[in-house]
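These notes are about the structure you will find just below.
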Amino acid sequence: MRTVFAACFVLLLTFPAFGEDNSASIQTSMGYANLSFPDLTTGLPGHHSVNQSDFNLSKRWSLDNYMGIDSLGQGATLISDCFGGKVMYPRGKVVPYALAGLGVGYFSISSSAVSGSTSAFATRYGGGMTIPINDSLAWKIEYSRMNFHLPTSANSAWTSSNNLSAGIVFTISN
């Protein structure tokens, strides 16, 4: 099994050679998100911490990892991590993109009345744009739809939410 994972990793490293350019880079962004998952205290969506990292295989293709930590009020927390792909369309200074990924949401609650945790399968899809500031910094704004395989009523198997995020992008390697 380790051999299969090692072979896949080596294959991923060769993708830039198949692209139309040789511009592989690593980018990470830090910012805030507004996940429309309701806060258990106020019932309103809250602002949450987000880290998104990309391994740009070329100017058009990227691997994307999104991690969010969301406080849902009354001692409840959601940690989500989705891994997927991103397609970029570089045109001038603005770079629009679309993305999709699969992952997991880890829900936990710890209060004086109740305590527990559960994990749920998650999906994420959406799009956004990156606006370069200079060679190593950019501004990013993104909309995505996040779905968690977590029933919140007797008739639902999935809980979906809108996610609007913004932040600063740091290019680590060019």
Side-chain angles (χ1 to χ4, degrees), residues 1-2 4-5 8-9 11-12 15 26-57 61-88 95-130 138-172:
M1 191 63 159
R2 283 187 265 177
V4 172
F5 284 118
C8 289
F9 181 72
L11 181 62
L12 285 174
F15 271 122
I26 298 171
Q27 294 180 318
T28 189
S29 67
M30 300 294 281
Y32 286 98
N34 192 349
L35 182 67
S36 63
F37 214 88
D39 184 300
L40 298 177
T41 305
T42 65
L44 301 172
H47 300 285
H48 313 289
S49 299
V50 175
N51 175 274
Q52 190 168 350
S53 298
D54 296 313
F55 180 66
N56 297 325
L57 304 171
W61 303 100
S62 179
L63 298 176
D64 178 75
N65 188 65
Y66 176 92
M67 188 185 91
I69 301 173
D70 308 301
S71 174
L72 303 177
Q74 296 184 2
T77 302
L78 162 62
I79 299 173
S80 56
D81 190 28
C82 289
F83 182 78
K86 182 163 94 171
V87 178
M88 299 169 283
V95 180
Y97 60 86
L99 55 85
L102 302 173
V104 66
Y106 177 76
F107 295 84
S108 65
I109 188 164
S110 179
S111 69
S112 59
V114 73
S115 177
S117 65
T118 188
S119 295
F121 178 72
T123 62
R124 178 175 177 261
Y125 57 90
M129 69 177 70
T130 304
W139 170 257
K140 179 194 313 197
I141 186 161
E142 177 180 292
Y143 167 81
S144 61
R145 184 84 174 151
M146 297 183 76
N147 306 297
F148 301 95
H149 193 273
L150 182 73
T152 53
S153 70
N155 296 330
S156 74
W158 288 84
T159 301
S160 300
S161 57
N162 297 311
N163 187 36
L164 183 62
S165 62
I168 297 291
V169 179
F170 302 95
T171 301
I172 298 171

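Numbers for residues simply follow the sequence, beginning at 1.
- By the side chain to side chain contact (heavy atoms under 4.5 Å, CB included) test, Thr118 pairs with Phe107, Leu150, sequence neighbours left out.
- Qualifying ring-ring contact (aromatic ring centres under 6.0 Å, His included) partners for Tyr97, counting only residues two or more places apart in sequence or in other chains: none.
- When the side-chain hydrogen bond (donor to acceptor under 3.5 Å, both in side chains) test is applied to Asn162, the partners found at least two apart in sequence or on another chain are Tyr143, Arg145.
- Listed by chain and residue number, nothing satisfies the side-chain hydrogen bond (donor to acceptor under 3.5 Å, both in side chains) test with Ser119 (two or more places apart in sequence, or in another chain).
- Residues that satisfy the side chain to side chain contact (heavy atoms under 4.5 Å, CB included) test with Thr28, not counting sequence neighbours, are Asn51, Ser53, Phe170, Ile172.
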| task | Determine, step by step, whether Gln52 and Leu99 satisfy the side chain to side chain contact (heavy atoms under 4.5 Å, CB included) criterion, reporting the C-alpha distance in whole Å, the side-chain angles of both residues, the deciding distance to 0.1 Å, and the verdict. | result | CA-CA 12 Å; Gln52 190 168 350; Leu99 55 85; 4.0 Å; yes
| task | Tell me, with the steps shown, if Leu78 and Tyr106 meet side chain to side chain contact (heavy atoms under 4.5 Å, CB included). | result | CA-CA 6 Å; Leu78 162 62; Tyr106 177 76; 5.8 Å; no
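- Listed here is the closest heavy atom pair of Tyr66 and Asp81: O-OD1, 3.0 Å.
- Nearest heavy-atom pair, Gly105 versus Ala122, reported as atom, atom and distance to 0.1 Å: N-CB, 4.1 Å.
- For the atom pair Ile141 CD1 and Met129 CE, the distance stands at 7.5 Å (nearest 0.5 Å).
- In this structure, Trp139 and Thr130 have side chains that are not in contact, with every pair of non-hydrogen atoms separated by 4.5 Å or more.
- To the nearest 0.5 Å, the span separating CG on Asp70 from CG on Asn163 amounts to 7.5 Å.
- The side chain to side chain contact (heavy atoms under 4.5 Å, CB included) search around Ser62 returns Asp54, Asn56, Lys86, Met88, not counting sequence neighbours.
- The list of salt bridge (Lys or Arg N to Asp or Glu O under 4.0 Å) pairs with a residue in residues 116-125, not counting sequence neighbours, reads Asp64-Arg124, Arg124-Glu142.
- Residues meeting the side-chain hydrogen bond (donor to acceptor under 3.5 Å, both in side chains) test with Tyr125, sequence neighbours left out: none.
- Residues that satisfy the side chain to side chain contact (heavy atoms under 4.5 Å, CB included) test with Phe121, not counting sequence neighbours, are Leu102, Thr123, His149, Trp158.
- Residues meeting the side-chain hydrogen bond (donor to acceptor under 3.5 Å, both in side chains) test with Ser161, sequence neighbours left out: none.
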